[in-house]
Amino acid sequence: LGWCYHKMRPQNDKEIVHAWSESLRAGGPAGQAAGLYLGQFQLTLDAQFAPQAVGFWQRALDKVARPEQFRNDFVTLKEVVEILEDAMQRVGHEPEQAQAVAELYRRVTKGGVADERIGHAAEARAKALAEDLKNSIPGVTAEQVQVHYRRAGEAYQNAARVSTPAERMDLLWRSIKCYLEGKETLTAQKLLLDFVKEETREAPLSEAWFTLGDLYVGESKKEDAHKALVKCLQYPDTPFAYRARYLLASAEIDRGNLKEAVHILDQILRGNPDIDRAAHEKALYRMASLFLTMKDYPKAREYLTHCLNVYPDNPNAHLTRQQLGDCFRQLAARDAQLETETRDKIRADLPEELRLPLEEKSRNHRKDKLGNLQEANKNYQALHDQLDAIARDKPLDKMQQTLLRRAGFGIGDCLLDGEDFLTALKEFRKVQLRHRGSLESLYACTRICFAVDAMRPTGRDGVQLKEQAMESLTVLL
(Lines give C-alpha, C1' and ligand atoms only; values in the text may rest on other atoms or scores of the structure.)
Protein backbone atom coordinates (compact mmCIF):
# COMPACT_ATOMS: atom_id res chain seq x y z
CA LEU A 1 0.00 0.00 0.00
CA GLY A 2 2.81 2.40 0.85
CA TRP A 3 4.53 1.57 -2.42
CA CYS A 4 1.31 2.31 -4.33
CA TYR A 5 0.98 5.68 -2.63
CA HIS A 6 4.61 6.34 -3.49
CA LYS A 7 3.99 5.65 -7.20
CA MET A 8 0.79 7.69 -7.42
CA ARG A 9 0.91 11.15 -8.96
CA PRO A 10 0.56 13.46 -7.20
CA GLN A 11 2.06 11.67 -4.21
CA ASN A 12 0.27 11.61 -0.89
CA ASP A 13 3.18 12.05 1.50
CA LYS A 14 1.08 11.57 4.61
CA GLU A 15 -0.34 8.24 3.43
CA ILE A 16 3.13 7.01 2.33
CA VAL A 17 4.58 7.65 5.78
CA HIS A 18 1.56 6.15 7.54
CA ALA A 19 1.51 2.93 5.48
CA TRP A 20 5.27 2.26 5.64
CA SER A 21 5.38 3.10 9.36
CA GLU A 22 2.63 0.51 10.00
CA SER A 23 4.55 -2.04 7.91
CA LEU A 24 7.78 -1.34 9.81
CA ARG A 25 5.96 -1.77 13.09
CA ALA A 26 4.57 -5.12 11.92
CA GLY A 27 8.08 -6.39 11.17
CA GLY A 28 9.21 -9.19 8.88
CA PRO A 29 10.85 -8.78 5.46
CA ALA A 30 8.13 -6.37 4.29
CA GLY A 31 8.57 -4.26 7.41
CA GLN A 32 12.32 -4.21 6.89
CA ALA A 33 11.88 -3.03 3.29
CA ALA A 34 9.32 -0.44 4.43
CA GLY A 35 11.79 0.94 7.01
CA LEU A 36 14.53 1.25 4.41
CA TYR A 37 12.27 2.99 1.90
CA LEU A 38 10.70 5.16 4.60
CA GLY A 39 14.13 6.50 5.63
CA GLN A 40 14.98 7.22 2.01
CA PHE A 41 11.64 8.97 1.45
CA GLN A 42 12.02 11.14 4.56
CA LEU A 43 15.49 12.22 3.55
CA THR A 44 14.44 13.13 0.01
CA LEU A 45 11.68 15.35 1.45
CA ASP A 46 14.16 17.42 3.50
CA ALA A 47 17.67 16.91 4.92
CA GLN A 48 16.37 18.07 8.31
CA PHE A 49 14.65 14.65 8.60
CA ALA A 50 18.06 12.89 8.61
CA PRO A 51 17.83 11.82 12.29
CA GLN A 52 14.41 10.21 11.69
CA ALA A 53 15.70 8.51 8.52
CA VAL A 54 18.70 7.09 10.40
CA GLY A 55 16.32 5.84 13.09
CA PHE A 56 14.21 3.97 10.52
CA TRP A 57 17.33 2.37 8.94
CA GLN A 58 18.71 1.34 12.31
CA ARG A 59 15.46 -0.47 13.09
CA ALA A 60 15.37 -2.06 9.65
CA LEU A 61 18.98 -3.31 9.85
CA ASP A 62 18.94 -4.13 13.54
CA LYS A 63 19.69 -7.83 13.00
CA VAL A 64 22.13 -7.34 10.11
CA ALA A 65 25.86 -7.30 10.99
CA ARG A 66 27.32 -8.49 7.65
CA PRO A 67 26.16 -8.33 4.01
CA GLU A 68 25.54 -12.10 3.81
CA GLN A 69 22.98 -11.82 6.64
CA PHE A 70 20.69 -9.63 4.54
CA ARG A 71 17.85 -11.56 2.86
CA ASN A 72 14.74 -9.79 1.57
CA ASP A 73 12.41 -10.43 -1.40
CA PHE A 74 11.08 -6.85 -1.36
CA VAL A 75 14.41 -4.99 -1.67
CA THR A 76 17.81 -6.14 -2.93
CA LEU A 77 21.12 -5.67 -1.16
CA LYS A 78 22.29 -3.54 -4.09
CA GLU A 79 19.32 -1.21 -3.56
CA VAL A 80 20.09 -0.90 0.16
CA VAL A 81 23.69 0.00 -0.62
CA GLU A 82 22.52 2.65 -3.09
CA ILE A 83 20.06 4.07 -0.54
CA LEU A 84 22.82 4.49 2.06
CA GLU A 85 25.36 5.85 -0.46
CA ASP A 86 22.81 8.47 -1.53
CA ALA A 87 22.20 9.28 2.13
CA MET A 88 25.91 9.82 2.80
CA GLN A 89 25.99 12.32 -0.05
CA ARG A 90 22.97 14.17 1.34
CA VAL A 91 24.13 14.36 4.98
CA GLY A 92 27.86 14.81 4.34
CA HIS A 93 27.69 18.32 5.85
CA GLU A 94 26.33 16.86 9.11
CA PRO A 95 29.21 14.84 10.60
CA GLU A 96 27.15 13.16 13.31
CA GLN A 97 24.50 11.88 10.89
CA ALA A 98 27.12 11.00 8.27
CA GLN A 99 28.91 8.83 10.80
CA ALA A 100 25.69 7.06 11.78
CA VAL A 101 24.90 6.31 8.12
CA ALA A 102 28.47 5.10 7.53
CA GLU A 103 28.15 2.68 10.44
CA LEU A 104 25.03 1.23 8.80
CA TYR A 105 26.79 1.15 5.44
CA ARG A 106 29.48 -1.10 6.95
CA ARG A 107 26.82 -3.76 7.69
CA VAL A 108 25.83 -4.14 4.04
CA THR A 109 29.18 -3.83 2.19
CA LYS A 110 32.37 -5.85 1.99
CA GLY A 111 36.00 -4.72 2.01
CA GLY A 112 37.31 -1.42 3.30
CA VAL A 113 34.82 0.87 1.57
CA ALA A 114 32.59 1.14 4.62
CA ASP A 115 35.54 1.66 6.96
CA GLU A 116 36.82 4.42 4.73
CA ARG A 117 33.40 6.07 4.74
CA ILE A 118 33.27 5.75 8.54
CA GLY A 119 36.73 7.30 8.73
CA HIS A 120 35.60 10.24 6.59
CA ALA A 121 32.52 10.75 8.74
CA ALA A 122 34.35 10.47 12.07
CA GLU A 123 37.10 12.81 10.90
CA ALA A 124 34.55 15.36 9.74
CA ARG A 125 32.76 15.06 13.08
CA ALA A 126 36.06 15.60 14.95
CA LYS A 127 36.85 18.71 12.89
CA ALA A 128 33.38 20.13 13.55
CA LEU A 129 33.75 19.55 17.29
CA ALA A 130 37.24 21.04 17.23
CA GLU A 131 35.81 24.19 15.68
CA ASP A 132 33.11 24.27 18.36
CA LEU A 133 35.79 23.88 21.04
CA LYS A 134 37.79 26.70 19.50
CA ASN A 135 34.69 28.90 19.65
CA SER A 136 34.06 27.90 23.30
CA ILE A 137 30.71 26.21 22.59
CA PRO A 138 29.35 24.91 25.93
CA GLY A 139 29.49 21.17 26.50
CA VAL A 140 32.27 20.46 23.99
CA THR A 141 35.51 19.04 25.39
CA ALA A 142 38.94 18.22 23.99
CA GLU A 143 38.37 14.57 24.89
CA GLN A 144 35.26 14.45 22.68
CA VAL A 145 37.31 15.77 19.76
CA GLN A 146 40.07 13.24 20.40
CA VAL A 147 37.61 10.31 20.66
CA HIS A 148 36.28 10.99 17.17
CA TYR A 149 39.78 11.39 15.75
CA ARG A 150 40.78 8.06 17.29
CA ARG A 151 37.64 6.47 15.82
CA ALA A 152 38.57 7.87 12.41
CA GLY A 153 42.13 6.59 12.80
CA GLU A 154 40.88 3.09 13.60
CA ALA A 155 38.46 3.10 10.65
CA TYR A 156 41.15 4.21 8.18
CA GLN A 157 43.50 1.59 9.63
CA ASN A 158 40.87 -1.13 9.10
CA ALA A 159 40.24 0.10 5.57
CA ALA A 160 43.98 0.02 4.81
CA ARG A 161 44.22 -3.66 5.84
CA VAL A 162 41.84 -4.81 3.08
CA SER A 163 42.46 -2.16 0.44
CA THR A 164 44.48 -2.43 -2.75
CA PRO A 165 48.24 -1.69 -2.58
CA ALA A 166 47.67 1.57 -4.45
CA GLU A 167 45.14 2.78 -1.88
CA ARG A 168 46.75 1.29 1.23
CA MET A 169 49.43 3.93 1.82
CA ASP A 170 47.05 6.89 1.55
CA LEU A 171 44.61 5.25 3.97
CA LEU A 172 47.42 4.38 6.35
CA TRP A 173 48.65 7.97 6.28
CA ARG A 174 45.18 9.31 7.05
CA SER A 175 44.99 6.86 9.92
CA ILE A 176 48.31 8.12 11.30
CA LYS A 177 47.23 11.76 11.08
CA CYS A 178 43.96 11.06 12.88
CA TYR A 179 45.67 9.05 15.62
CA LEU A 180 48.05 11.95 16.16
CA GLU A 181 45.17 14.41 16.42
CA GLY A 182 43.52 11.98 18.85
CA LYS A 183 46.70 11.93 21.01
CA GLU A 184 47.14 8.20 20.34
CA THR A 185 50.87 8.67 19.75
CA LEU A 186 52.05 5.12 20.43
CA THR A 187 49.73 3.67 17.77
CA ALA A 188 50.74 6.47 15.40
CA GLN A 189 54.43 5.66 15.94
CA LYS A 190 53.91 1.96 15.17
CA LEU A 191 52.03 2.80 11.99
CA LEU A 192 54.70 5.33 10.98
CA LEU A 193 57.39 2.67 11.28
CA ASP A 194 55.30 0.42 9.00
CA PHE A 195 54.65 3.31 6.65
CA VAL A 196 58.33 4.21 6.05
CA LYS A 197 59.08 0.56 5.21
CA GLU A 198 56.46 0.41 2.45
CA GLU A 199 56.15 3.95 1.06
CA THR A 200 58.26 4.86 -1.98
CA ARG A 201 57.19 8.46 -2.73
CA GLU A 202 59.56 11.19 -1.53
CA ALA A 203 57.05 13.72 -0.18
CA PRO A 204 55.16 11.30 2.11
CA LEU A 205 58.42 9.69 3.24
CA SER A 206 59.96 13.02 4.23
CA GLU A 207 56.89 13.96 6.24
CA ALA A 208 56.75 10.53 7.89
CA TRP A 209 60.39 10.59 8.98
CA PHE A 210 60.01 14.16 10.25
CA THR A 211 56.87 13.25 12.17
CA LEU A 212 58.66 10.30 13.76
CA GLY A 213 61.60 12.51 14.70
CA ASP A 214 59.31 15.15 16.16
CA LEU A 215 57.53 12.53 18.26
CA TYR A 216 60.84 11.18 19.54
CA VAL A 217 61.94 14.72 20.42
CA GLY A 218 58.79 15.09 22.51
CA GLU A 219 59.65 11.84 24.30
CA SER A 220 63.29 12.92 24.86
CA LYS A 221 64.52 9.95 22.80
CA LYS A 222 67.44 11.94 21.43
CA GLU A 223 69.22 9.19 19.52
CA ASP A 224 66.03 7.92 17.83
CA ALA A 225 65.05 11.51 17.02
CA HIS A 226 68.44 12.21 15.44
CA LYS A 227 68.27 9.08 13.25
CA ALA A 228 64.73 9.85 12.04
CA LEU A 229 65.50 13.50 11.29
CA VAL A 230 68.69 12.59 9.40
CA LYS A 231 66.59 10.14 7.34
CA CYS A 232 64.28 13.04 6.50
CA LEU A 233 67.27 14.96 5.09
CA GLN A 234 67.54 12.34 2.33
CA TYR A 235 64.71 14.27 0.65
CA PRO A 236 66.29 17.78 0.66
CA ASP A 237 63.82 19.59 -1.59
CA THR A 238 60.84 19.03 0.68
CA PRO A 239 59.48 21.37 3.39
CA PHE A 240 60.02 18.68 6.03
CA ALA A 241 63.76 18.52 5.36
CA TYR A 242 63.93 22.20 6.35
CA ARG A 243 61.93 21.53 9.50
CA ALA A 244 64.11 18.53 10.31
CA ARG A 245 67.23 20.69 10.09
CA TYR A 246 65.64 23.18 12.47
CA LEU A 247 65.02 20.44 15.05
CA LEU A 248 68.57 19.13 14.58
CA ALA A 249 69.92 22.65 15.15
CA SER A 250 67.80 22.96 18.31
CA ALA A 251 69.24 19.67 19.57
CA GLU A 252 72.79 20.95 19.00
CA ILE A 253 71.95 24.13 20.91
CA ASP A 254 70.68 22.02 23.81
CA ARG A 255 74.00 20.14 23.78
CA GLY A 256 75.94 23.41 23.77
CA ASN A 257 77.31 22.85 20.24
CA LEU A 258 76.51 26.37 19.08
CA LYS A 259 78.87 26.41 16.09
CA GLU A 260 77.32 23.20 14.74
CA ALA A 261 73.86 24.73 15.26
CA VAL A 262 74.95 27.79 13.26
CA HIS A 263 76.15 25.49 10.46
CA ILE A 264 72.81 23.63 10.32
CA LEU A 265 70.70 26.80 10.44
CA ASP A 266 72.86 28.27 7.68
CA GLN A 267 71.93 25.33 5.45
CA ILE A 268 68.25 26.26 5.88
CA LEU A 269 68.90 29.93 5.14
CA ARG A 270 70.96 29.12 2.03
CA GLY A 271 68.12 27.03 0.63
CA ASN A 272 65.05 28.21 -1.24
CA PRO A 273 62.91 30.12 1.30
CA ASP A 274 59.76 29.49 -0.76
CA ILE A 275 59.92 25.73 -0.06
CA ASP A 276 58.96 26.38 3.56
CA ARG A 277 58.62 30.02 4.56
CA ALA A 278 57.74 29.16 8.16
CA ALA A 279 60.92 27.11 8.65
CA HIS A 280 63.00 29.82 6.99
CA GLU A 281 61.49 32.45 9.29
CA LYS A 282 62.10 30.39 12.42
CA ALA A 283 65.68 29.62 11.34
CA LEU A 284 66.43 33.29 10.68
CA TYR A 285 65.16 34.43 14.08
CA ARG A 286 66.94 31.51 15.82
CA MET A 287 70.21 32.37 14.09
CA ALA A 288 69.99 35.98 15.25
CA SER A 289 69.31 34.85 18.81
CA LEU A 290 72.21 32.40 18.62
CA PHE A 291 74.72 35.07 17.63
CA LEU A 292 73.49 37.22 20.53
CA THR A 293 74.11 34.30 22.89
CA MET A 294 77.59 33.89 21.39
CA LYS A 295 78.17 37.67 21.78
CA ASP A 296 79.07 37.92 18.11
CA TYR A 297 77.46 41.34 17.84
CA PRO A 298 78.41 42.18 14.23
CA LYS A 299 76.75 38.93 13.05
CA ALA A 300 73.83 39.42 15.43
CA ARG A 301 73.26 42.92 14.03
CA GLU A 302 73.24 41.52 10.48
CA TYR A 303 70.71 38.78 11.24
CA LEU A 304 68.48 40.85 13.53
CA THR A 305 68.22 43.50 10.83
CA HIS A 306 67.41 40.83 8.24
CA CYS A 307 64.70 39.38 10.51
CA LEU A 308 62.91 42.71 10.77
CA ASN A 309 63.24 43.47 7.06
CA VAL A 310 62.04 40.08 5.78
CA TYR A 311 59.55 39.05 8.51
CA PRO A 312 58.35 42.26 10.22
CA ASP A 313 55.08 40.63 11.37
CA ASN A 314 56.74 37.86 13.38
CA PRO A 315 55.32 37.60 16.94
CA ASN A 316 58.83 38.29 18.27
CA ALA A 317 59.42 41.35 16.09
CA HIS A 318 59.10 43.81 18.98
CA LEU A 319 61.55 41.85 21.12
CA THR A 320 63.88 41.61 18.12
CA ARG A 321 63.74 45.39 17.69
CA GLN A 322 64.81 45.82 21.31
CA GLN A 323 67.59 43.23 20.85
CA LEU A 324 68.82 45.11 17.78
CA GLY A 325 69.01 48.31 19.84
CA ASP A 326 70.93 46.41 22.54
CA CYS A 327 73.24 44.97 19.88
CA PHE A 328 74.14 48.44 18.57
CA ARG A 329 74.83 49.56 22.16
CA GLN A 330 77.19 46.62 22.63
CA LEU A 331 78.99 47.58 19.43
CA ALA A 332 79.19 51.17 20.69
CA ALA A 333 80.65 49.92 23.98
CA ARG A 334 83.31 48.00 22.04
CA ASP A 335 84.14 51.17 20.07
CA ALA A 336 84.35 53.16 23.30
CA GLN A 337 86.81 50.64 24.71
CA LEU A 338 88.92 50.79 21.55
CA GLU A 339 88.83 54.58 21.70
CA THR A 340 90.08 54.55 25.30
CA GLU A 341 92.79 51.99 24.56
CA THR A 342 94.01 54.02 21.59
CA ARG A 343 93.91 57.31 23.46
CA ASP A 344 95.94 55.79 26.32
CA LYS A 345 98.75 55.08 23.87
CA ILE A 346 99.09 58.77 23.02
CA ARG A 347 101.85 60.36 25.12
CA ALA A 348 103.26 63.88 25.07
CA ASP A 349 106.75 62.61 24.17
CA LEU A 350 105.48 60.49 21.27
CA PRO A 351 106.92 61.49 17.87
CA GLU A 352 104.42 63.22 15.58
CA GLU A 353 104.57 60.49 12.93
CA LEU A 354 103.34 58.01 15.59
CA ARG A 355 101.00 60.33 17.47
CA LEU A 356 98.97 61.62 14.52
CA PRO A 357 97.83 58.14 13.27
CA LEU A 358 96.80 57.23 16.82
CA GLU A 359 94.79 60.43 17.17
CA GLU A 360 93.10 59.71 13.85
CA LYS A 361 92.35 56.16 14.94
CA SER A 362 90.92 57.42 18.23
CA ARG A 363 88.64 59.87 16.39
CA ASN A 364 87.43 57.08 14.10
CA HIS A 365 86.59 54.85 17.05
CA ARG A 366 84.63 57.72 18.60
CA LYS A 367 82.82 58.34 15.33
CA ASP A 368 81.90 54.63 15.11
CA LYS A 369 80.72 54.70 18.71
CA LEU A 370 78.43 57.68 18.12
CA GLY A 371 77.14 56.10 14.90
CA ASN A 372 76.24 52.86 16.69
CA LEU A 373 74.61 54.82 19.52
CA GLN A 374 72.56 56.72 16.96
CA GLU A 375 71.40 53.42 15.38
CA ALA A 376 70.60 52.01 18.81
CA ASN A 377 68.58 55.12 19.67
CA LYS A 378 66.76 54.88 16.35
CA ASN A 379 65.67 51.28 17.07
CA TYR A 380 64.62 52.03 20.65
CA GLN A 381 62.61 55.01 19.42
CA ALA A 382 60.97 52.96 16.66
CA LEU A 383 60.00 50.30 19.22
CA HIS A 384 58.65 52.96 21.58
CA ASP A 385 56.57 54.54 18.79
CA GLN A 386 55.19 51.16 17.65
CA LEU A 387 54.10 50.18 21.16
CA ASP A 388 52.66 53.63 21.83
CA ALA A 389 50.55 53.28 18.68
CA ILE A 390 49.25 49.89 19.85
CA ALA A 391 48.50 51.28 23.32
CA ARG A 392 46.25 53.95 21.80
CA ASP A 393 43.97 51.20 20.41
CA LYS A 394 44.09 48.56 23.15
CA PRO A 395 45.86 47.79 26.44
CA LEU A 396 49.36 46.38 26.08
CA ASP A 397 50.07 42.86 27.32
CA LYS A 398 52.75 42.28 29.96
CA MET A 399 55.54 41.65 27.48
CA GLN A 400 54.66 44.77 25.51
CA GLN A 401 54.56 46.84 28.70
CA THR A 402 58.02 45.57 29.63
CA LEU A 403 59.40 46.31 26.16
CA LEU A 404 57.92 49.82 26.26
CA ARG A 405 59.73 50.53 29.52
CA ARG A 406 62.97 49.07 28.16
CA ALA A 407 62.68 51.15 24.99
CA GLY A 408 62.38 54.37 26.97
CA PHE A 409 65.24 53.30 29.19
CA GLY A 410 67.34 52.39 26.12
CA ILE A 411 66.81 55.84 24.59
CA GLY A 412 68.10 57.45 27.79
CA ASP A 413 71.10 55.11 28.00
CA CYS A 414 72.12 55.94 24.42
CA LEU A 415 72.06 59.64 25.24
CA LEU A 416 74.01 59.01 28.42
CA ASP A 417 76.65 56.94 26.59
CA GLY A 418 76.90 59.72 24.02
CA GLU A 419 77.44 62.23 26.84
CA ASP A 420 74.28 64.19 26.00
CA PHE A 421 73.52 64.38 29.70
CA LEU A 422 70.83 67.07 29.66
CA THR A 423 68.66 65.27 27.09
CA ALA A 424 69.29 61.97 28.89
CA LEU A 425 67.92 63.53 32.10
CA LYS A 426 64.68 64.39 30.32
CA GLU A 427 64.29 60.86 28.91
CA PHE A 428 64.91 59.16 32.25
CA ARG A 429 62.48 61.56 33.88
CA LYS A 430 59.81 60.41 31.36
CA VAL A 431 60.53 56.76 32.21
CA GLN A 432 60.15 57.49 35.92
CA LEU A 433 56.88 59.36 35.62
CA ARG A 434 55.29 56.94 33.13
CA HIS A 435 56.38 53.72 34.80
CA ARG A 436 56.20 54.38 38.53
CA GLY A 437 56.91 51.36 40.70
CA SER A 438 58.80 49.44 37.99
CA LEU A 439 62.38 48.20 38.09
CA GLU A 440 63.17 50.54 35.20
CA SER A 441 61.95 53.46 37.32
CA LEU A 442 64.50 52.57 39.99
CA TYR A 443 67.28 52.31 37.44
CA ALA A 444 66.17 55.60 35.87
CA CYS A 445 66.67 57.27 39.25
CA THR A 446 70.26 56.02 39.45
CA ARG A 447 70.89 57.23 35.87
CA ILE A 448 69.52 60.68 36.68
CA CYS A 449 71.83 60.98 39.69
CA PHE A 450 74.77 59.74 37.61
CA ALA A 451 74.06 62.22 34.80
CA VAL A 452 73.83 65.16 37.22
CA ASP A 453 77.10 64.11 38.86
CA ALA A 454 78.83 63.70 35.46
CA MET A 455 77.80 67.22 34.41
CA ARG A 456 79.43 68.69 37.57
CA PRO A 457 76.88 71.55 37.58
CA THR A 458 77.60 74.83 39.38
CA GLY A 459 75.67 77.97 40.21
CA ARG A 460 71.92 78.26 39.87
CA ASP A 461 71.75 75.60 37.11
CA GLY A 462 73.65 73.25 39.35
CA VAL A 463 71.17 73.75 42.17
CA GLN A 464 68.22 73.07 39.86
CA LEU A 465 69.79 69.91 38.47
CA LYS A 466 70.59 68.60 41.96
CA GLU A 467 66.99 69.30 42.95
CA GLN A 468 65.82 67.21 39.98
CA ALA A 469 68.07 64.39 41.15
CA MET A 470 66.61 64.58 44.65
CA GLU A 471 63.08 64.73 43.21
CA SER A 472 63.74 61.54 41.24
CA LEU A 473 64.33 59.80 44.56
CA THR A 474 60.93 60.90 45.89
CA VAL A 475 59.21 59.29 42.87
CA LEU A 476 60.34 55.93 44.20
CA LEU A 477 58.54 56.49 47.52
Side-chain angles (χ1 to χ4, degrees), residues 206-207 209-211 213-214 216-218 220 222 225-226 228-335 368 371-372 375-376 378-380 382-383 386 399-400 402-403 406-407 410:
S206 68
E207 186 174 359
W209 280 117
F210 172 79
T211 304
D214 194 24
Y216 287 138
V217 167
S220 298
K222 297 179 181 179
H226 183 81
L229 294 171
V230 169
K231 281 280 191 181
C232 181
L233 298 186
Q234 294 178 1
Y235 314 100
D237 295 326
T238 63
F240 295 97
Y242 283 63
R243 298 175 198 180
R245 282 196 177 90
Y246 185 84
L247 290 184
L248 288 168
S250 298
E252 295 300 334
I253 292 171
D254 292 340
R255 294 189 187 100
N257 300 330
L258 303 188
K259 288 186 178 180
E260 180 60 23
V262 167
H263 174 68
I264 296 171
L265 290 172
D266 188 57
Q267 290 178 316
I268 299 175
L269 298 177
R270 287 178 181 275
N272 183 354
D274 293 328
I275 290 179
D276 191 330
R277 296 294 293 182
H280 186 270
E281 181 176 355
K282 288 172 69 177
L284 188 58
Y285 271 81
R286 193 66 181 270
M287 184 78 99
S289 175
L290 203 51
F291 280 125
L292 277 177
T293 302
M294 298 166 70
K295 298 185 178 180
D296 187 342
Y297 297 114
K299 281 287 187 183
R301 173 189 59 193
E302 175 189 342
Y303 280 93
L304 288 166
T305 302
H306 198 40
C307 285
L308 293 170
N309 288 339
V310 180
Y311 300 109
D313 297 324
N314 185 281
N316 291 318
H318 289 139
L319 176 60
T320 301
R321 178 70 68 184
Q322 183 227 308
Q323 290 173 331
L324 183 56
D326 294 345
C327 189
F328 275 114
R329 275 200 70 216
Q330 291 290 344
L331 291 170
R334 182 204 60 182
D335 294 327
D368 290 341
N372 280 320
E375 288 299 319
K378 188 186 299 182
N379 278 282
Y380 290 134
L383 175 60
Q386 289 168 2
M399 174 59 79
Q400 290 171 330
T402 300
L403 291 175
R406 290 180 183 175

Is any side-chain heavy atom of [X] less than 4.5 Å from a side-chain heavy atom of [Y]?
X: Arg329; Y: Tyr380; answer: yes
X: His318; Y: Arg321; answer: no
X: Leu247; Y: Arg243; answer: no
X: Met399; Y: Pro315; answer: no
X: Asn272; Y: Asp237; answer: no

Atom pair [atom1] ([X]) and [atom2] ([Y]), whose distance is rounded to the nearest 0.5 Å:
X: Asp296; Y: Phe291; atom1: CG; atom2: CZ; value: 5.5 Å
X: Asp266; Y: Arg245; atom1: CG; atom2: CZ; value: 10.5 Å
X: Ile268; Y: Ile275; atom1: CD1; atom2: CD1; value: 11.5 Å
X: Asp214; Y: Leu229; atom1: CG; atom2: CG; value: 8.0 Å
X: Leu290; Y: Ile253; atom1: CG; atom2: CD1; value: 4.5 Å
X: Arg277; Y: Leu284; atom1: CZ; atom2: CG; value: 10.0 Å

### Leu269 and His280: CA distance, side-chain angles, deciding distance, side-chain contact (heavy atoms from CB on, under 4.5 Å) verdict
CA-CA 6 Å; Leu269 298 177; His280 186 270; 3.8 Å; yes

So, for [X] and [Y], which heavy atoms are closest and what is the spacing to 0.1 Å?
X: Cys307; Y: Ala288; value: SG-CB, 4.1 Å
X: Cys232; Y: Phe240; value: SG-O, 3.3 Å
X: Ala249; Y: Ala261; value: O-CB, 3.6 Å
X: Tyr242; Y: Thr238; value: CD1-O, 3.5 Å

### Message
Would Leu308 and Leu324 count as a side-chain contact (heavy atoms from CB on, under 4.5 Å) here? Give the steps.
### Response
CA-CA 9 Å; Leu308 293 170; Leu324 183 56; 3.9 Å; yes

#### Entry: Residue pair Tyr246 / Arg286, side-chain donor-acceptor N/O under 3.5 Å
yes

### Query
Would you say the side chains of Asp326 and Gln322 form a donor-acceptor pair under 3.5 Å?
yes

### Listed partners of Asn257 passing side chain to side chain donor-acceptor pair (under 3.5 Å), at least two apart
Glu252

### Message
Tell me if the CE atom of Met294 is crowded by more than 12 foreign heavy atoms within 6.0 Å.
### Response
yes

### Query
Just by modelled atom types, is the Tyr285 backbone N or O under 3.5 Å from a matching donor or acceptor in the Ser289 side chain?
no

